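Scroll down for the structure; my scribbles are underneath it.
None of these values were measured; they are calculated from a predicted model.
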Amino acid sequence: MATIRMISSIILTGRTITTIICFFIFSLSNSFAQSHDNFLMLGQRYTINSKILNESRNYSVYLPASYKNNIDKKYIVAYVLDGDRSKFLEVSGIAQSMHSDANLKLQIPELIIVSIENTDRTKNFTPTNSLNYLDREDISAFKSSGKADDFMRFMENELMVEINKSFRTVPQSMIIGHSLGGLFALHCLLENPQLFSYYLLIDPSWFWDHNYIGKRSKEVLENRVDLKARIYIALANNMQEDKRHYQWGNQFYKLLKENKSPDLRVDFRYFEDEKHLTVTIPATYYGLRYLFEPFNIDINEVTKDPYILVNYSAKIKKELFFDTKPDQSFVNTIGYVALYDRELPDIAISIFELNTKNYPQSINVWDSLAEAYTVRGYINKAKKCYEKILTLSPTNNTAKTKLEELNSKIRQRN
């Protein structure tokens, strides 16, 4: 069994301290003292001692903004290969920017990011032992290759077990792999397809061992009809090096498209303006957008027809395979946009009412509905909302004050 310990790291003059920091903000004061407000914390770095790999492995964990306060919420975990500091910051930053209530963006669900650092990527990510690269058979750097099965067992039986024990996670998880990391993710899809539900494959190393993965794909995919996954394949422009990269990628995509599994979804994009080493950022963004496309809530559509939110949970279950409700905070924000920015009080009321049905224990959504009723002049309905809040929180002074104000309005009318 693997053992775990937390270690430290900070982005500051290359020294190892205690936390991974995305930005360090210097502030000037008379004493030049620095407080915790100077640090924007992004994640934590850990070590796991693996018995399967017979070595210690480092990984970093990013927790989404709502993790600390929303204690009942569970999250998809995205496992990022080649997960050094730069990759960790890259993927975490993109994921964070694609889920922002404040900026009215809900393109993807909030993700826990687990970024796994390398020791010997050739050894860990390759399914066969081979010295082959395209037309050469003498690549000495590949001597350690062929231990992908061990790394897959490490992920399944040690790392993922530890992550699921330590954090609030859903059963569905994701893998993001570039180059040899993409090769490893393909290997998982073919040999252990239940391990991940979402695959972001960025310019995988199709060349490996005379296109081993392409040959293996033909053997596996022709006979499988039970694949349950969403897959995004990004190809860079490697034409100057060898056109076979593109050909092999296309062949694999066609095999997936021809597969008869009813719950298999796949998309493919060729980034003509990007090379192998530059494609990761645009591919990560577009890959996440495609993989979680059903999750997106369009503010314009909701303000036209709030009742599209009614079928949201069923759509997510069918297309993304997990249970969820429309995000409480985001829906509330849309309600306020309808109420004040677009001056659509009846639409706002419908949005807030749907939110109270999904989150009946939330004081915030009842308060928002009461505000919309008040704006519309539905004083008695607003009163009932504040009374509901007081059943949830009998000492809520804000609700008591609002209720007194509404009762005063009623007395003035009479």
Quiz item: Does Glu371 pair with Lys402 as a salt bridge, N-O distance under 4.0 Å?
Solution: no
Exercise. Take the angle between the ring planes of Phe125 and Phe184 and call it parallel below 30°, perpendicular above 60°, tilted in between.
Key: tilted
Quiz item: Side chains of Ser166 and Glu162: donor-acceptor distance under 3.5 Å anywhere?
Solution: yes
Practice problem: Consider only side-chain N and O atoms of Asn237 and Tyr270, and report whether a donor and an acceptor are under 3.5 Å apart. | Solution: yes
Quiz item: Are Ile113 and Lys87 close enough, and set up right, to give a side-chain contact (heavy atoms from CB on, under 4.5 Å), and what steps lead you there?
Solution: CA-CA 11 Å; Ile113 308 293; Lys87 178 61 70 174; over 6 Å; no
Self-check item: Residues forming a ring pair (Phe, Tyr, Trp, His ring centres under 6.0 Å) with Phe292, sequence neighbours excluded
Solution: Tyr198
Self-check item: Plane angle bin for Phe167 and Tyr67 - parallel if under 30°, tilted between 30 and 60°, otherwise perpendicular
Solution: perpendicular
Exercise. For atom CD of Glu219, decide whether the heavy atoms of other residues, nucleotides or ligands shown that lie under 6.0 angstrom number more than 12.
Key: yes
Quiz item: Will you find, in the side chains of Ser66 and Tyr75, an N or O donor that is under 3.5 Å from an N or O acceptor?
Solution: yes
Exercise. Say whether Asp84 and Ser86, considering side chains only, have a donor N or O and an acceptor N or O under 3.5 Å apart.
Key: no
Quiz prompt | Glu387 with Lys384: basic N within carboxylate O range, under 4.0 Å | solution = no
Quiz item: Using 30° and 60° as the class limits, which term best fits the ring planes of Tyr336 and Tyr340: parallel, tilted or perpendicular?
Solution: parallel
Quiz item: Where does the angle between the aromatic ring planes of Phe207 and Phe142 fall among parallel (under 30°), tilted (30 to 60°) and perpendicular (over 60°)?
Solution: parallel
Practice problem: Just do the side-chain contact (heavy atoms from CB on, under 4.5 Å) check on Glu319 and Phe295 with the steps written out, would you? | Solution: CA-CA 9 Å; Glu319 298 188 37; Phe295 188 84; over 6 Å; no
Quiz item: So, Arg244 and Asp135, do they make that salt bridge, N to O below 4.0 Å?
Solution: yes
Quiz item: For residues Asp226 and Ser261, is any side-chain donor paired with an opposing acceptor at under 3.5 Å?
Solution: no
Self-check item: Separation of Ile108 CD1 from Ser97 OG (nearest 0.5 Å)
Solution: 7.5 Å
Quiz item: Would you say the side chain of Lys123 lies within less than 4.5 Å of the side chain of Phe151, judging by non-hydrogen atoms?
Solution: no
Quiz item: Could Arg57 and Glu158 be called an ion pair, given the rule that one side-chain N must be under 4.0 Å from one carboxylate O?
Solution: no
Self-check item: Contacts of type side chain to side chain contact (heavy atoms under 4.5 Å, CB included), residue Lys74, not counting sequence neighbours
Solution: Arg168, Val170
Practice problem: Anything under 30° is parallel, anything over 60° is perpendicular, the rest tilted; go ahead and classify His245 against Tyr133. | Solution: tilted
Practice problem: Quick one: do Ile297 and Leu309 satisfy side-chain contact (heavy atoms from CB on, under 4.5 Å)? Show the steps, please. | Solution: CA-CA 8 Å; Ile297 296 177; Leu309 296 172; 4.2 Å; yes
